[in-house]
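What you are looking at is a predicted structure, and each value in this text was computed from that prediction instead of being measured. Order of the sequence lines sets the chain letters (A, B, ...), proteins ahead of strands, with each chain counted from 1.
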Amino acid sequence: MKDRHEDENLHWIPVLIALVILLPFIIQGLTYSYKYYLFVLNIAGIYIILTVGLDLLSGYTGLISLGHAAFLAIGAYTSAILVDQVGIPFFLSMLLSPLIAGLFGLVIGFPALRITGMYLGLTTMGFGFIVKRLIIALREWTHGAGGLDVSYPVIFGYTIRTDWDNYYLIYFFAVLAVIAGRRIGKSKIGRAFMAIRDSEQAAEASSVNLAKYKMLAFFISGLFAGFAGVLFAHTNHFISTDHFDMLLSIYFIIMVLVGGVSSIYGAVLGTLFIVLLDNLFVPLLEDWIHVFFNTETGDIQSLIFGLVMFLFIIFQPMGLYGMWLKMRIYWKLFPFNPRKRFT
Amino acid sequence: MGDLFTGIGQEIISGIALGCIYALIALGFTLIYKATEVVNFAQGELMMVGAYVNFFFITTFISSTGAPTLWLFIVALAGSIFFALVFGWLLDLIINRPMKDEPIFSIIMATISLSIILRALVAIIAGPMSLIPVSPFGEGVVSFGGIFISILDIFIIGSAVILVVLFYYFFNKTRWGVAMQATSEDPIAAQLMGIPVNRVNSLVWIFSALVATISGILLAPKLSLLDTTMGFLGLKAFPAAVLGGFGSIAGAIAGGVIMGVIETISMGTLSFHFEWIKEINDIIVWIVLIAVLMIKPDGLFGVEKVKKV
């Protein structure tokens, strides 16, 4: 018998941590352009923190969010304003800014108590547009559409400047986010989330407080996204409203879906897959297609993302993590596989 | 004071014209939603594709025959309508059939990915430059007691009215229309009564592609620039449909027109008199959406739904 709090997949955590620590050194040994790979990995790390939170909201609780880039933007702008204009130390801002993003999550969670499905998708999409517009309107603090320069993060007197430092800063929190996400998913809260996803009426009948847990899902998700925003602002050194487009919110959902909904490791896998595809494969393809068509940058990227998501939804709705689970079952049963079950 | 009233009257008229476009887009996805429960987020992109195809036909004909004549536009319209028929049928095969009985989350994401794919494909094929649409309506303006209406706007309002009347007739008076109503009511029971549900569904998608194409053809000259961002306009039709009550055809039309009027008035008179309205011009539809969902989620003409376990 397994204990109620035991989680077999947590045994992977030490391996994961060791891998994360060693990865830059491995990449450095393999190629000369390791700095670019580190940069790409940093983006992936920030997005991992966000998609873990998004998975808790959309995958576990089944509440669609088509405006998650707005939470990223709130976290990023709040931290930039708090650190550079108010003068709060970076360490404190790391605690405060996600809280503010989480509070915005509560604001958008409030209408979510009454509406679900497509309506919620529209509301969150509208929230994304509204936040973007609001950032431009508050131009005294945010410099409007021109963008905002952000200072380097300083932790205990140590200024973090290089991609190398950023990597360890980001991945320290990314690993924390993954562990926290898993623990939340396996805890009472996570089970309540899943009950709400499967049937709101049944969950309510089993004395799950719908209002409380839906608000909580939005709050937690906003917290994660706000944290990702803080790291994004201070490692990118420049933020503008163009960074937080509506399409980015949809790409986040694509990451979660491609990885596999309602599994935290799936979100991590999906994020890595999409970010690596975006930064390593798409430029190559773009160069090749430029021979035949005169395209703008971004078109090929969205074409590939759209196709990837479409194919995954139709042929592999469980995502990459689901593929891995199927493979694992296949090898467990290896010589005695029932025919045509795992095609 | 008189100035203010003619100004507002002017804005209401052009708001109705814009609202008719919203109403047509909303009509497109309401048809699909009623029949198949699929929310088609790619409706704006269908409109954009229609506008592009029409533009393509017109430019090829002009380059082969010389000057643009009225006949040329009619032939191009027929060509685009034929394209819409094929396109809608294809979409039914690609999106609707495989997505049957999937959770709503997957369906929404599938149509969103379709919209991304369509936008990217059109951008790649047509090139990155914005195109200038050619229209048979010209720049003509008609005046009614101080209020000016462009001929294009009259055409937009007129064709919206004609389409709505046609759809009303079709839905309530013809065999296929009644079959569609039955399918949207309960697909399984309809199937048992001998209605070919699959064929009805593909007819619905064909209709909605048709409506989208026509609205695209009408909208392109109004925007006076044709590029892929036109698809985003389709997103604004969703708040309009929610305002009217999602899933009801009358609601889609009323919501579309009201939303168009709200948008033009806030862009015109209100922005002129109140400085801060300028900041929220392009998000006013979303603010209205959130307000509607918080106050009356079923919209103006919607029917309250009962949740079932």
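Within the 4.5 angstrom heavy-atom criterion, no atom of I107(B) approaches chain A. Of the atoms belonging to R197(A), not a single heavy atom falls under 4.5 Å from chain B. For V308(A), no part sits under 4.5 Å from any heavy atom of chain B, backbone or side chain. In this structure, chain B has a heavy atom under 4.5 Å from the side chain of L247(A), while its backbone stays farther away.
Applying the salt bridge (Lys or Arg N to Asp or Glu O under 4.0 Å) test to K34(B) and every residue at least two apart in sequence or in another chain returns nothing. With sequence neighbours left out, R133(A) forms a salt bridge (Lys or Arg N to Asp or Glu O under 4.0 Å) with E279(B), D282(B).
The main-chain N or O of G53(A) is found under 3.5 Å from a side-chain atom of S221(A) such that the two form a donor-acceptor pair. With N40(B) contributing its side chain and Y33(B) its backbone, the two residues share no donor-acceptor pair below 3.5 Å.
Contact count against chain B (heavy-atom pairs under 4.5 Å) is highest for R139(A) among M246(A), R139(A), Q301(A). Heavy-atom pairs under 4.5 Å with chain B peak, among I250(A), L134(A), I254(A), at I250(A). When the candidates L257(A), I130(A), I314(A) are compared by the number of heavy-atom contacts under 4.5 Å with chain B, I130(A) comes out ahead.
Residues of residues 235-242 of chain B that come within less than 4.5 angstrom of chain A, heavy atom to heavy atom, are L235(B), F238(B), V242(B) in numerical order. Listed in order of number, the residues of residues 283-295 of chain B that approach chain A to under 4.5 Å between heavy atoms are I283(B), W286(B), I287(B), L289(B), I290(B), L293(B), M294(B), I295(B).
Note on ring orientation: taking the six-membered ring where Trp is involved, the planes of Y213(A) and F193(A) are perpendicular (angle over 60°, cut-offs 30° and 60°).
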